[in-house]
Amino acid sequence: MHYSMMFLPTVRETPSDAEVISHQLMLRAGVIRKLTSGVYSYLPLGYRVIRKFEQIVREEMTRAGAQEVFLPTVQPAELWQESGRWTHYGKELLRFRDRHDRECCLGPTHEEVITDLVRNEIKSYRQLPLNLYQIQTKFRDEIRPRFGVMRCREFGMKDAYSFDTDEEGAEISYRKMFDAYNRIFTRCGLKFRPVEADTGSIGGSFSHEFLVTADSGEDAMVYCTRCDYAANLEKAEVPRPEQKQANAKDFLPLEEVCTPDVRTIEEVCAFLKVTPQDVIKTLIFNADGKPIAILIRGDKEVNEIKVKNFLGCDELELAMDDMILEVTKSPRGFAGAIGIKCRILADYSLMNMKNFVMGANKEDHHVKNVNFRRDFTVKDFVDLRAVQEGDVCPRCLSAMKFARGIEVGHVFKLGTKYSKAMKAHYLDKNGQEKIMIMGCYGIGIGRTVAASIEQNYDGKGIIWPMAIAPYQVIITPVNVREESLAKASEALYQKLQGQGIEVLLDDRDERAGVKFMDADLIGIPIRITIGPKNLAEKKVEIKIRRSGEVKILGLAEVEAFIVNTIKEEM
RNA sequence: CGGGGCGUAGCGCAGCCUGGCAGCGCGCCUGCUUUGGGAGCAGGAUGUCGCAGGUUCAAAUCCUGCCGCCCCGACCA
């Protein structure tokens, strides 16, 4: 491509509304432009990157045995009503009516459509397993789009869906996708980590997120410093402490104390001269309209997702004052387990506590020296708390570290959530009707590209990894008005293109400095500078964008060197 | 949806408080000079000051309503 012909608007100044580096650089380097909130156009340079990444995804999907399909964007409400998600998906699902007043939506994901397709065509175990994937635009009406293409409303996504006859088959399908994802992100030169994750509204039983490590990432994870345990913070488990037999002889007498206007843990500790480790927090939640009390040690925080998953409820929020009054007979700030009028869940952190402090379910009162069994009983201790700095690995008890990342891929074992609701059945060897076992596997296309920039940039601009670079080489004649330079550049351009190399020839009548700046900004991995001094000796300069390394090579050696360098970096 | 901010030339912004000629830098166009890290000089074009209404002799500026965008939170994966 000749740069002078290319629609590649670069911008010197940083647009004021771009917060993260990838967003700023994508705008500056002419990769994307915004149309409206959360909706972006990809310009030629950006679209080349997208297509290169998609190509890698296609190759690895094919290698893993998946077949590409192309599915509708507009979907009828009936399908979503069948799966139950018409009511459950919420406002992110953009709904509208067509001219016949039929309810429709824009597909935010395609489980319903694919399940419908497969149930209509697949009848026998002989036709399974099957893995179909699509690379398409999806729409989620995000409450607040942000970070450019990273969290937007309209976005490109690869989704694969697997159908198996049984659990073992589903495990194999899942593993294949898991491996494929590792290959895909490795090929793109990304530093990433698969972590155990919560399944959220997609549903299902088991899941991994692929997080590209970046401080700007929206996801927090913990990982073990010794074994390979890594989990999203929402999912991260806490090891179950060993339960020691409490000796009733150590129990001090229960004592109610007046604590006027003392509500928070800090206030209680200051007032009673105890530490947060001596106090039990009693939090009243509203779970689908029913009150539930969560007991947790004063220095810990509740992980609401764990509570939600344990209860299997749809909605969970801290209770309003009227509900608190109803179950504790006291205002907010004095809840405790003794005599409370609702179900109680206790976190692991309480297991070996004795003589602790908690609310008295009475205004301006707390109780001291509370003990299990004697004062109240807990059926079972559950892991309900948010992992904190200092927590150890649930698998091997070694130290864990915190990190942030960008979710670029997510694999789910769906089980029968959709196949059951939508009756995706097949006949097994014995002529028995069985439900298919499903999995789904997504990759955010634009988001991965943005994540790659978050990991590959410097003060001058983007540094594309070779595998997804829009062009592998940029040829920069220092002055196109000098015919010898222009000619030599054009000749080299033709020669490299003949080798199948993707080359951008900067034939603009611009000053050298401008061209260098643009070449750095748009992040082409290899720059060949053609200047008068070197050319007089039949030499050119090669500069590697990432390392800044410079080489002077004879014209005859250039081709081999470039071919080699590209091969090494792919 | 709650809180905050912004909307003035293609981009980045000043002007608004205290009403009185529509500005600056970059970019763009023309010419000359310059040509290996965002050139210099000279000349030039570009505005529904987000939209609508109101106050006023006079509104970018004050008032009301609406729209759009950004940030924080809630939400979502």
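Heavy-atom basis, side chains included; hydrogens, waters and symmetry copies ignored. Each chain gets a letter, A, B and so on, in the order its sequence line appears, and its residues count up from 1.
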Side-chain atoms of A:D518 come closest, of B:G38, B:C75, B:C71, to B:G38

With sugar-phosphate meaning primed atoms plus P, OP1 and OP2, does A:R447 contact a base, only sugar-phosphate, or nothing at under 4.0 Å between heavy atoms?
-> nothing

Whole-Å distance, A:L43 CG to B:G10 P, equals 18 Å

With the side chain defined as heavy atoms from C-beta on, A:E19 is closest, among B:C1, B:C71, B:G36, to B:C71

Comparing nearest nucleotides in RNA chain B, the 5'-proximal residue of the pair A:A18, A:L535 is A:L535

If pairing means Watson-Crick or G-U wobble with both distances under 3.5 Å, then the partner of B:C41 is B:G31

Out of B:G37, B:C71, B:A77, minimum distance to the side chain of A:R146 belongs to B:C71

Q.
Determine whether the aromatic ring centres of residues A:Y161 and A:F412 are separated by less than 6.0 angstrom.
A. no

Nearest-nucleotide check on RNA chain B, A:I530 vs A:E218; residue mapping nearer the 5' end is A:I530

Ranking B:C26, B:G37, B:A77 by distance to the side chain of A:R12, first place goes to B:C26

| Do any side-chain nitrogens or oxygens of A:S37 fall under 4.0 Å of OP1 or OP2 in B:C70? | yes

Please step through side-chain hydrogen bond (donor to acceptor under 3.5 Å, both in side chains) for the pair A:Y89 and A:R95, ending with a clear verdict. CA-CA 11 Å; A:Y89 209 97; A:R95 299 151 215 254; over 6 Å; no

Picking from B:C13, B:G36, B:A77, the nucleotide nearest the side-chain atoms of A:E407 would be B:A77

From CZ of A:R153 across to C1' of B:C70 the rounded distance in Å is 14 Å

Per atom distances to the A:E13 side chain, the nearest of B:A77, B:C26, B:G36 is B:C26

Just by distance, no angles: are the side chains of A:N232 and A:D198 close enough, under 3.5 Å, to form a donor-acceptor pair? no

Here the distance between atom C1' of B:A39 and atom CZ of A:F516, to the nearest Å, is 15 Å

Just checking A:E92: base, sugar-phosphate only, or nothing, at a heavy-atom cut-off of under 4.0 Å?
sugar-phosphate

Does A:W464 have A:R545 sitting over its ring (NZ/CZ under 6.0 Å from centre, angle to axis within 45°)? no

For A:P108 and A:F155, the nearest pair of non-hydrogen atoms, with its separation, is O-CZ, 4.4 Å

It should be established whether A:S16 places a side-chain nitrogen or oxygen under 4.0 Å from OP1 or OP2 of nucleotide B:G12. yes

Between B:C70 and B:C29, how far apart are the C1' atoms? Round to whole Å, please.
-> 33 Å

To the nearest angstrom, the CG-P distance between A:D17 and B:G68 comes to 16 Å

So what does A:D509 touch, heavy atoms closer than 4.0 Å: a base, only the sugar-phosphate, or nothing?
nothing

A:K460 has its side chain closest, among B:G12, B:G37, B:U34, to B:G37

Checking N1-N3 plus N6-O4 or O6-N4 for Watson-Crick, or N1-O2 and O6-N3 for wobble, each under 3.5 Å, the partner of B:C69 is B:G5

Reckon A:P532 touches a base, only the sugar-phosphate, or nothing at all at heavy-atom distances under 4.0 Å? base

With the side chain defined as heavy atoms from C-beta on, A:V11 is closest, among B:C11, B:G38, B:A77, to B:C11

With the side chain defined as heavy atoms from C-beta on, A:K34 is closest, among B:G37, B:G73, B:C70, to B:C70

*Any A:T36 side-chain N or O less than 4.0 Å from OP1/OP2 of B:C69*: yes

Here the distance between atom P of B:A77 and atom CZ of A:R144, to the nearest Å, is 17 Å

Regarding the side chain of A:V478, the nearest nucleotide among B:G38, B:A74, B:G36 is B:G36

With sugar-phosphate meaning primed atoms plus P, OP1 and OP2, does A:E234 contact a base, only sugar-phosphate, or nothing at under 4.0 Å between heavy atoms?
base

Margin query: If you count every heavy atom of other residues, nucleotides or ligands that lies below 6.0 Å from A:D215 atom CG, does the total exceed 12?
Written below: no

>> Is it the case that the side chains of A:S22 and A:E454 hold a donor-acceptor pair, with the cut-off being a distance below 3.5 Å and no angle test?
In response: yes

